2 protein chains.
Amino acid sequence: MRKDSRLSRVLHILVHMQAIDRPVTSEQMAEMISTNPVVVRRTMALLRTANYVTSTKGHHGGWKLAKPLANITLLDIHHALGDGSIFTIGLSDEHTQCVIEQAVNEALNDVMNEAEALMLKRFGQITLDKLGADKISSYLKER
Amino acid sequence: MRKDSRLSRVLHILVHMQAIDRPVTSEQMAEMISTNPVVVRRTMALLRTANYVTSTKGHHGGWKLAKPLANITLLDIHHALGDGSIFTIGLSDEHTQCVIEQAVNEALNDVMNEAEALMLKRFGQITLDKLGADKISSYLKER
DNA sequence: TTTAAAGTAACTTTTATTGTTACATCAAAA
DNA sequence: TTTTGATGTAACAATAAAAGTTACTTTAAA
């Protein structure tokens, strides 16, 4: 299974956007994360649907933040990306009438749910403006 | 990304084995989880390497538990399967010199590590004999 | 009218698990 | 001693989801 790096990549882009007061193009974002503008648009479109960014076509178009990073959490972005399953561990479901399969899956599910709940709780506690705020502010001052 | 269902499947098999006092063949195990004997051997070979099961070739051959299920935890089996990454979330690593990428990945990594630690801790607290012991014992009595 | 941008459909590539085929090896049974 | 039933294993195909790519449409500013 290939890893889903959309969350990491899009956070990277959003933090960059904060420091730029013009619309940022998909082309520029693609350079930030070493990929193709179409890949960027695909992911950014999900954030636009959830109202974290806006986009405009045509000359001097591009993407803008729709609200301050302080008002967006990691959990918000995770949700906007579709709330996909976060675990590589899958449960077999070929014999749902088998009590052993049920018991095994119930145990695994309980543990995974607890771990996921913790993870989402932490994501909900981190706003995007906090992502390396210390390092980044000193870095920006150097330029 | 396809899910890794080896843990769920092999636990299912191990609990079944407990109730059978003869060697169990790969063919029989394959039926339990609706797959191919080769797939079973591949996964079971990892458990044999870690000394949780033994196998014998030839007539009346097959697989046997090497120790009581009460002496094996979910974590033991998870380790035996190779301790693979449990998250579908990946971190981008194209710009390791970029402070923003660093900050984003550090935040995500911290949260994922905490969630993984909780999950492995829980896995370590569950021995295989506890997997649905109540349901399974009443089920076995009915036959 | 040209140009610079997003929007989007369709297809290919990648990557790891899973599935399959084929055959070697081994040990018990006939 | 030969047959049979089992594991061991190499090599390859199928699957699935993200990521990458190509090509084209639409839009709006220059």
Side-chain angles (χ1 to χ4, degrees), chain A residues 1-10 12-13 17 20 22-49 53-64 66 78 81-94, chain B residues 1-10 12-13 17 20 22-49 53-64 66 78 81-94:
Chain A
M1 182 194 309
R2 179 182 273 197
K3 294 264 183 169
D4 180 349
S5 59
R6 289 178 303 164
L7 181 59
S8 170
R9 288 175 135 189
V10 84
H12 183 173
I13 288 171
M17 285 174 78
I20 304 173
R22 300 180 305 281
V24 181
T25 67
S26 308
E27 185 80 38
Q28 294 171 315
M29 294 174 177
E31 276 176 32
M32 292 175 190
I33 60 172
S34 301
T35 185
N36 189 298
V38 177
V39 171
V40 169
R41 288 188 200 120
R42 214 142 53 189
T43 304
M44 293 299 289
L46 297 172
L47 301 197
R48 182 186 50 219
T49 299
V53 295
T54 57
S55 64
T56 55
K57 289 180 168 184
H59 240 110
H60 294 177
W63 301 81
K64 286 195 290 192
H78 174 71
L81 295 182
D83 250 330
S85 164
I86 62 170
F87 296 111
T88 58
I89 295 178
L91 305 183
S92 65
D93 58 353
E94 293 109 0
Chain B
M1 179 192 310
R2 179 183 274 198
K3 295 263 181 167
D4 180 349
S5 58
R6 290 177 304 163
L7 180 59
S8 169
R9 288 174 133 189
V10 84
H12 183 173
I13 289 171
M17 285 174 77
I20 304 174
R22 300 180 306 280
V24 181
T25 67
S26 309
E27 185 81 39
Q28 294 171 316
M29 294 174 176
E31 277 176 31
M32 292 175 192
I33 60 172
S34 301
T35 185
N36 189 298
V38 177
V39 172
V40 169
R41 287 187 203 121
R42 216 145 46 191
T43 305
M44 293 299 290
L46 297 172
L47 301 198
R48 183 185 50 219
T49 299
V53 294
T54 57
S55 64
T56 54
K57 290 181 170 183
H59 241 108
H60 296 176
W63 301 81
K64 287 195 289 190
H78 175 70
L81 294 183
D83 252 330
S85 164
I86 61 169
F87 295 110
T88 57
I89 296 177
L91 305 183
S92 64
D93 58 352
E94 292 109 358

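Because the structure is predicted, anything quoted here is derived from the model rather than measured. Only heavy atoms go into these numbers, but all of them, side chains included; no hydrogens, no water, no symmetry mates. A, B, ... follow the sequence lines: proteins, then strands. Residue 1 opens every chain.
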Could you tell me how far apart [X] ([atom1]) and [N] ([atom2]) are, to the nearest whole angstrom?
X       : N      : atom1 : atom2 : answer
B:Ile13 : D:dT7  : CD1   : P     : 12 Å
B:Met29 : C:dT18 : CE    : C1'   : 18 Å
A:Leu81 : D:dA19 : CG    : C1'   : 14 Å
B:Glu27 : D:dT4  : CD    : P     : 17 Å
B:Leu7  : C:dT17 : CG    : P     : 14 Å
B:Asp4  : C:dG19 : CG    : P     : 11 Å
B:Trp63 : D:dA6  : CH2   : C1'   : 11 Å
B:Asn36 : D:dA13 : CG    : P     : 16 Å

Of the nucleotides D:dA6, D:dA18, D:dT21, which has the atom closest to the A:Val39 side chain?
-> D:dT21
Out of D:dA10, D:dT22, C:dA6, whichever nucleotide has its closest atom nearest the side chain of A:Val38 | D:dT22
Kindly say if [X] contacts the phosphate of [N], meaning a side-chain N or O under 4.0 Å from OP1 or OP2.
X       : N      : answer
B:Thr35 : C:dG19 : yes
B:Arg9  : C:dG19 : yes
A:Thr56 : C:dA5  : no
B:Arg41 : D:dT7  : yes

Could you run down nucleotides 25-30 of chain D 5' to 3' and tag each one B, S or - for protein heavy-atom contact under 4.0 Å?
-> -BBBBS
CD on A:Gln28 to CZ on A:Arg22, rounded to 0.5 Å = 6.5 Å
Sub-4.5 Å side-chain heavy-atom contact between [X] and [Y]:
X       : Y       : answer
B:Asp4  : A:Ile89 : no
B:His78 : B:Asp83 : yes
A:Thr43 : A:Arg9  : no
B:Arg42 : B:Arg6  : no

A:Arg41/A:Ser55 under side-chain contact (heavy atoms from CB on, under 4.5 Å): CA gap, chis, key distance, verdict | CA-CA 10 Å; A:Arg41 288 188 200 120; A:Ser55 64; over 6 Å; no
For B:Arg42 and for A:Arg6, find the nucleotide of DNA chain D with the closest heavy atom, then tell me which residue's nucleotide is more 5'.
-> B:Arg42
Of A:Thr43 and B:Ser26, whose closest DNA chain D nucleotide lies nearer the 5' terminus?
->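 Checking each residue's closest nucleotide, the 5'-ward one belongs to B:Ser26.
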When you measure from the side chain of A:Ser26 to the backbone N and O of A:Val40, does any donor-acceptor pair fall under 3.5 Å?
-> no
